[in-house]
Amino acid sequence: MTSSRVLAASLAAVAAAGIVAGGLLESGLPAPFSQWLFIAVCLAMPAIGWLVATRRPDNVYGWLLLAAAVCLGSGALGTALLLRDASGHGPLAGIAAVLASLFTVFYGLSWVFIPLLFPDGRLPSRRWRAGAWIAGAAITAHWAGVLFGPDEFYTMFPAGNPVGLSGTAGLVAAGVSGLGQVVTFLVALSVLVSLVLRRWKSDAAGRRRLRWMIAGVVGTLGGFVLTGLSDPLSHSPGAWGGIVIAMASLPAVIAAAVFRHNLLDVRVGIRGSRLFLVFDLRPTVDELLSELGPVLEEAEPVEQLGRLAGAVRAGLETRWAAVALADGTRVVAGREDGPAVLTVPAGLGHIACGPRTVGRFTTEDRRLLGALAVPIGLAIQSAGLAARLVNAEQAERRRIERNIHDGAQQQLVALIAGLELARATGGGPDSLALLREQARQTLTDLRELAAGIHPSVLSQGGLVEAVEERCSRLPVTTTVAADAELRARRFPDEIEGALYFTVSEAIANALKHAAASRIEVRLTHAGGRLQVVVSDDGKGFDPAVAGRGGLGPLADRMSALGGRLDLAGGPGEGTRLRAWVPMPG
């Protein structure tokens, strides 16, 4: 149990103990049913405060409810102690008077701050800062005036106020108390008007929530007015009914708002004949990923981003959520009808969230979004990788199409034209020999084109033999070194193909761009990695201006296979390319 939960439970227990002890001390045992009912009604405040503070410790509202409940319990206990002390001057009279005076603080919190800060513990606007300070000062004045005022002004001290002042000081205290009470009541009326205006300007969900609090404020103020029109200690039906209404209104409407509209991820349900509460309706990260896992495995990368955006929207209860890639692509769940309220980096992109449907973002919301940013970042990286692989595949198809069109196709057209001419003119041995040579050259070009797509030696002899065959025809000194066990071992086609074409591209770059005079290729298999390193003694490159070039798609292929491609070197230092893929021994 965390310290916040211990504190919440302690405050609720103190408040509940004061309420129960005060009620039973006032009526004595056995207590009448009306007193038990009153105790039960008053216990609703610490119960709701404990629930809110426990479930959402970062929400000030729960602690506000607990503070009001502690003042209520203290006032009930202090009033009961004063009623039991007929003389009003016993050893605990002073302490009882201080406790009893806290009723006024409970009134002020109930009239002003509990409705004003509903439901997220924040002021509705900056304009209310002055009103909150005025209310705080008025509540303090009311409390101090009651505590030090003379006996004849306050009915909560039936046997006399043991700490009350007399004479002019007593009159000043009474005046300060009366002024504070009036100002507090006027601020409470302003809060009620503010709630009505907020409800009028809110959307449908906001209006449904605020109407509960408006009803609670009306009930609370009406109950206190009804109580004030009679003697609170007379136990008359009017006084008793006013107190019950005043005490029950706010806890009832807060409970209704919490359970009915899931303000704090709490709801009440009925299953069969049993009543039960469900806490933390919002799924955890593990629950979201467990639920999405099977779906994401079958989805395309862009579709994965859409599912994850929907999970963020559902998990944080936002109006919309978007997953954005580095290139500006956005996948949005919901209707994006305004600027983002919360943005969190995720890999090569970011997650943007619109406003919550209820309340504001809490620390728990930010923690949940930060945890979701990890799998979303991986999905963004996967989507970007998939897009680059598709683009590379399309570019390779266009290259093959262009080579066929410009090379073999033209040669076949020329060969067919030559055959037609030979048939029409009765070509002799010389023309037939020329046509035969053209057919052989076309066949050679087709074989080289096919070798560029997937060399036959790679399928037949394996990776080492294919690399050696590729390096055997180079115009510069080239050495190939490979572990002995690699020559007799075969690997999956996609692994061998990726490493072979990486070596081919590195060699081509060394010859075309680096003006290398020596190239060295080394293949190794150790530490669960199949690795190839291509080094040359060329002029090197400037890492600051080097682009992806033809190695970009190959690096993407390495990443798709779980490996990596690194390029090292500098001007005049040659170039060293290292590519590896995971491959258990």
Side-chain angles (χ1 to χ4, degrees), residues 301 347-348 377-393 396 452-455 457-459 461-472 474 478-511 513-514 516 518-538 540-541 543 546-570 573-585:
L348 300 177
L378 294 176
I380 291 175
Q381 182 178 358
S382 176
L385 176 60
R388 293 196 300 272
L389 289 176
V390 170
N391 293 335
E393 183 180 357
E396 183 65 13
I453 299 174
H454 192 81
V457 66
L458 184 60
S459 301
L463 178 61
V464 176
E465 186 174 337
V467 170
E468 290 177 336
E469 195 277 336
R470 175 70 176 86
C471 295
S472 64
L474 297 181
T478 306
T479 59
V480 178
D483 295 345
E485 59 97 8
L486 287 180
R487 296 184 178 277
R489 183 172 177 182
R490 298 303 305 271
F491 301 95
D493 291 344
E494 63 273 15
I495 299 293
E496 292 185 340
L499 291 176
Y500 173 81
F501 285 111
T502 298
V503 172
S504 297
E505 184 66 25
I507 291 173
N509 288 340
L511 295 175
H513 305 300
R518 181 177 180 82
I519 300 174
E520 180 180 353
V521 181
R522 180 167 184 81
L523 296 95
T524 59
H525 183 208
R529 291 181 176 183
L530 179 60
Q531 178 175 274
V532 60
V533 178
V534 181
S535 305
D536 66 64
D537 63 351
F541 65 96
R548 287 168 58 90
L551 293 176
L554 294 173
D556 291 337
R557 288 182 69 173
M558 293 295 126
S559 297
L561 294 171
R564 186 170 179 175
L565 187 148
D566 298 317
L567 198 62
E573 300 177 0
T575 302
R576 181 176 180 272
L577 178 145
R578 182 177 71 96
W580 62 269
V581 292
M583 181 58 57

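The model shown is predicted, which means the values in this text are computed figures rather than measured ones.
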Value rounded to 0.5 Å, distance of OH in Tyr500 from CD in Glu469: 6.0 Å

Minimum heavy-atom distance Met583-Pro492, with the two atoms named: CE-CD, 4.0 Å

Any side-chain heavy-atom pair of Leu530 and Trp580 under 4.5 Å: no

Positive for side-chain contact (heavy atoms from CB on, under 4.5 Å) with Val503, one of Val534, Leu577, Leu523: Val534

Carboxylate-amine/guanidinium proximity below 4.0 Å for Glu468 and Arg487: yes

Whether Asp536 side chain and Gly538 backbone form a donor-acceptor pair below 3.5 Å: yes

Spatial distance of atom CD (Glu520) from atom CZ (Arg522) [nearest 0.5 Å]: 7.5 Å

For the student: nearest non-hydrogen atoms of Thr575 and Gly540, plus distance: OG1-CA, 3.8 Å

Nearest-0.5 Å distance that lies between atom CG in Asp483 and atom CG in Leu486: 5.0 Å

Residue pair Arg578 / Arg564, side-chain heavy-atom distance below 4.5 Å: no

Which atom of Glu496 lies closest to which atom of Leu463, heavy atoms considered: O-CD1, 3.7 Å

Residue pair Ser535 / Arg576: nearest heavy atoms and the distance that separates them: OG-CG, 3.7 Å

Gln531 (side chain) donor-acceptor with Thr524 (main chain) under 3.5 angstrom: no

Side-chain touch Cys471/Ile507, heavy atoms, less than 4.5 angstrom: yes

Closest heavy-atom pair and its distance - Ile519, Ala510: CD1-CB, 3.9 Å

Non-hydrogen atoms of Gly563 and Pro582 that approach each other most closely: N-CD, 3.8 Å

Test: Arg518 and Asp537 ion pair at under 4.0 Å: no

